[in-house]
Amino acid sequence: MGPEEAIVMLFLVSGGVIATLGLLLARAKGRIHEMERALGVSAQPAFRRAREAESRGEVRIDQLEHQVDQIASQMERLAESQDFLSRIMSDKLDRLADQRMDTPH
C-alpha cells in the first residue's frame with residue numbers, strides 16, 4: 001500500500017465517520033422533536049429567548065437607574081446638612097471669639 005492509497009483510505013474512513021455522526025445527530029434531533037410534541041412542549045425560538053432576556057435586562061437597568069437616583073438625592077441631602085452644620089459651627093465660633101475680645105482685663 002503506497003502513500004497515495006493510504007491518503008485515499010484515510011479520506012474515505014474520515015468521510016464515513018463524519019457521515020455516521022451526521023446521521024446520528026439528525027436522528028437525535030428528530031427524537032427530541034418527537035418527545036417535545038408528545039409532551040406538548042414547544043421549544044422557544046432563540047430570538048424569543050433573546051428578546052425576553054433583553055427585556056429583563058432593561059428592567060434591571062431601570063431598577064438600577066432608580067436606585068442610583070435615590071442614592072444621589074440622599075447624598076445631596078447629606079451634603080446640604082453638612083453645609084448647614086458647618087455654617088452653624090462657624091457662627092458659634094465667631095461669637096465665641098468676639099465675646100473673648102470684648103472682656104476687659
Side-chain angles (χ1 to χ4, degrees):
M1 183 190 280
E4 293 88 19
E5 292 173 345
I7 291 175
V8 170
M9 187 64 78
L10 180 66
F11 280 125
L12 289 175
V13 169
S14 63
V17 169
I18 290 172
T20 303
L21 290 175
L23 288 173
L24 290 174
L25 180 65
R27 187 172 177 207
K29 283 187 176 183
R31 291 192 68 184
I32 288 172
H33 289 297
E34 286 176 18
M35 288 179 168
E36 285 176 347
R37 272 186 260 133
L39 293 174
V41 177
S42 63
Q44 290 184 344
F47 68 89
R48 178 184 276 170
R49 286 193 302 256
R51 194 175 335 130
E52 289 174 0
E54 182 178 305
S55 67
R56 280 181 291 190
E58 289 175 1
V59 168
R60 289 189 58 133
I61 288 173
D62 290 341
Q63 289 174 346
L64 283 172
E65 286 177 352
H66 180 69
Q67 290 172 350
V68 167
D69 289 340
Q70 285 181 338
I71 291 171
S73 66
Q74 292 297 324
M75 291 296 290
E76 192 173 323
R77 288 180 61 200
L78 185 63
E80 289 172 358
S81 66
Q82 184 84 23
D83 291 341
F84 176 72
L85 286 174
S86 296
R87 273 188 271 127
I88 288 176
M89 294 301 288
S90 66
D91 289 345
K92 285 191 177 201
L93 286 176
D94 289 342
R95 278 192 241 147
L96 285 175
D98 289 341
Q99 288 176 358
R100 279 189 248 158
M101 295 185 112
D102 289 340
T103 57
H105 287 269

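Side-chain contacts under 4.5 Å among hydrophobic residues (ILVMFWY), followed directly or transitively, place Ile7 together with Phe11. Phe84 forms part of a hydrophobic cluster together with Ile88, judged by ILVMFWY side-chain heavy-atom separations under 4.5 Å. The hydrophobic cluster containing Leu12 also includes Val8, under a criterion of side-chain heavy atoms closer than 4.5 Å among ILVMFWY residues, counted directly or through chains of members.
Counting heavy atoms from C-beta on, the side chains of Glu80 and Glu76 come closer than 4.5 Å. For the pair Ser14/Val17, no side-chain contact is recorded, criterion being any heavy-atom separation below 4.5 Å from C-beta on.
Looking at residues two or more places apart in sequence or on another chain, you find no side chain to side chain contact (heavy atoms under 4.5 Å, CB included) involving Glu4. Among residues two or more places apart in sequence or in another chain, the side chain to side chain donor-acceptor pair (under 3.5 Å) test is passed with Gln70 by His66.
For the atom pair CE (Met75) and CZ (Arg77), the distance works out to 12.5 Å, reported to the nearest 0.5 Å. A distance of 8.0 Å separates CG of Leu24 from CZ of Arg27, quoted to the nearest 0.5 Å. In this structure, CG on Leu78 lies 11.0 Å from OG on Ser73, to the nearest 0.5 angstrom.
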